[in-house]
Amino acid sequence: MAAVAERPRPDRPLGGSLRRKEARIGLLFVLPCLLLFVVFRFGPGVAGLLLAFTDYTPGAVTHLTGLENFRRLWDDPLFWSSLRVTVVYTVLAVPAGVAASLGLALLTRRAFRGSKLFRSVFFLPVVTSLVLASTVFVWIFSTDGPWSAVMGFLGLPSQNWLSDSVLVLPALALVGIWSRCGYGMLILLARMQELPVELEEAALVDGAGPVKRFRYIVAPQLKPAFFFLAVIETTVSFQVFDAVYMMTGGGPANASYSLVFQLYDTGFKYFDFGYASAIGCALFLLTIVVALVQRAVLGKEK
Amino acid sequence: MAPVTRAPEAPAAVPTPKEPARAGRARTPDAAVPAGLRPRARGRVLRGVLLTAASVATLFPFYAMIVLSLHPQGAVDLPGSLLPWHLTGDAYGEVLGSRDVPRWLFNTVVYSLVSVVGVLLLASLAGYAFAKKRFPGREGMFWSFLSMVMVPYHVTMIPTFILISKLGGVDTYWGLIVPTLANAQAVFLMRQFILGLPDEIFEAARLDGCGELQIFFRIVLPLLKPILATLGTFVFLWHWNDFLWPLIVGQSTEMRTLTVGIASLQQEQVPLNQVLAGSVVAFVPIFSAYLVGQRYFTEGVVGSAVKG
């Protein structure tokens, strides 16, 4: 094989005309993608930022309004309310969801008869559209639905969780956890299976129980996966929309009116695209800030 | 697809040609795990109890969806309605007999399949060029593609919608499909995979007198089969379940996808059993695909998770 490896490769210097040909082919192959990206990603990305500084609505004259949209955002109680809803939802859904993912990953970590089946079961909600699942969750959380029956069994009053302003976010968070924790399980499993068995074996020989082995051997090695999950799940939670749209429409009394729901409502109900873009910018900023904070906190001891 | 804020050199579960990532599959069979690390009898019982409870909680919504969709229209009472007695397919007759639902199913199939073919073709062309061809601006272009993953979809959604509506793409298939073909994760995954292919194959083909397009279609694409299957399944799933973009582009009843259509059924106070029957109709294809191509689904998710 050595002779083969010594053949000139594209990475080595080539003759001028050959190199030009290669560059031409390369550009030609990238071109369709490049065009699509310029038109449908970069363009809209820049336009989304610019729109936030205008009062664009379809069919009307557009003015540059400077920071007006952002001032309006600052004074908009609905924006602060939707920000609060989004943050509370995230705080409810993400830590519990990651914990559930970890639990499922630990339970199905070692291969045993049926372990693959269990993993497939837990992953099933991930491939299911949340829009479809919402149709049944509306019934599950209704006054005479099974969730109320379970709560009643525990001695709690039966009520429609989705029309209670305190319980609506926990209910949506439960749905979010149900639909997402299989994804986290898979990410953690993928990492767990790369870990060498020897370290745990050594700890076992030293007399460490399962809890200690997890705490001191497994958990530290899972840190990058936890960090990844925390960032992804937070980002996904910030963008909660499908379940809100399907199950509550933002209600009751805006108690589940999330940031992306406000963006959608502002844009496609009131066609106030300039203001909606400002909300989009706020969402972008929020995502970046949280990612940086998480990196600082979780990624500190690398 | 979930946006990612992570450097691409993240723990690579990106499948490489030699060792496809077997996500969700035990790499170590039970025998290879030291006996001391396997749960003892009591631990096994506990594990079984917990797993069963978690499975029941996970599967209950699916069970309820199916049983209630087969329930005659009318009041739903507990726990009687959850028992599989007096089942009837009436709701399915209503749903499939209407003009809309079959049309929505057709739209969803078009949206998903055309997008899969488009994304795979464009991303493999670009991925091949990024991995194996040298041309001016290659690095800059690649990294700016990738950086777009960090910008939330919702920021670009409004300008993209304005653009599409100006171009007359509202309520058309191309308006629905074309913007989704610019898929940065797909390009990244393709490039990573193709980087692992040895140059000698392409050199040999070139010496044998193959043209560049011939090399691409006859040599590169067949080598890409594993990643095409993985990415294709994932893109299919994503488009099948997509909601927000079809919701704003497909404004007429005829141009809705299944997810959007079912959302409208629910809002129009259509009886529960029919809404659920619609959900089952939309779920069955994905579920069948999941049963057949489970490995590809999970690899697509893990692969795209570390996409960059």
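Here the structure is a predicted model, which means the values were calculated and not measured. Each chain gets a letter, A, B and so on, in the order its sequence line appears, and its residues count up from 1.
Using a 30° and 60° split on the angle between ring planes, A:Phe268 and B:Phe161 fall in the perpendicular class, above 60°.
The two atoms that bring B:Leu51 and A:Leu107 nearest to each other are CD2-CB, 3.6 Å, heavy atoms only.
For A:Ala276, the parts sitting under 4.5 Å from any heavy atom of chain B are the backbone and the side chain alike. Heavy atoms of B:Phe283 lying under 4.5 Å from chain A belong to its backbone as well as its side chain. Proximity to chain A (any heavy atom under 4.5 Å) is shown, for B:Ala289, by neither the backbone nor the side chain. Proximity to chain A is limited to the side chain of B:Leu237, based on heavy atoms less than 4.5 angstrom apart. Of the two parts of B:Leu272, only the side chain, counted from C-beta on, holds a non-hydrogen atom closer than 4.5 Å to a non-hydrogen atom of chain A. For B:Leu46, no part sits under 4.5 Å from any heavy atom of chain A, backbone or side chain. With a 4.5 angstrom heavy-atom cutoff, A:Arg24 does not touch chain B via any of its atoms.
If you tally non-hydrogen atom pairs under 4.5 Å between each of A:Trp139, A:Tyr56, A:Phe137 and chain B, the highest count goes to A:Trp139. By number of non-hydrogen pairs under 4.5 angstrom with chain B, the leading residue of A:Leu50, A:Thr135, A:Leu124, A:Val46 is A:Leu124. Of all the listed residues (B:Leu265, B:Leu276, B:Ile262, B:Leu291), the one sharing the greatest number of non-hydrogen pairs under 4.5 Å with chain A is B:Leu276.
No donor-acceptor distance shorter than 3.5 angstrom exists from the side chain of A:Glu22 to the backbone of B:Lys133, with no hydrogens or angles considered.
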Counting only pairs under 3.5 Å, give me each side-chain donor-acceptor contact of residues 26-40 of chain A, with atom names and distances, residues two or more places apart or in other chains.
none

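Geometrically, A:Arg20 does not engage B:Phe135 in a cation-pi contact, judged by NZ or CZ lying under 6.0 Å from the ring centre and within 45° of the ring axis.
Residues A:Leu259 and B:His154 fail the side-chain proximity criterion, which asks for heavy atoms closer than 4.5 Å.
Listed by chain and number, the residues in a side-chain contact (heavy atoms from CB on, under 4.5 Å) with B:Val260 are B:Phe243, B:Pro246, B:Leu247, B:Arg256, B:Thr257 (sequence neighbours excluded).
The structure places CD of A:Gln239 at 10.0 Å from CG of B:Leu244, a figure rounded to the nearest 0.5 Å.
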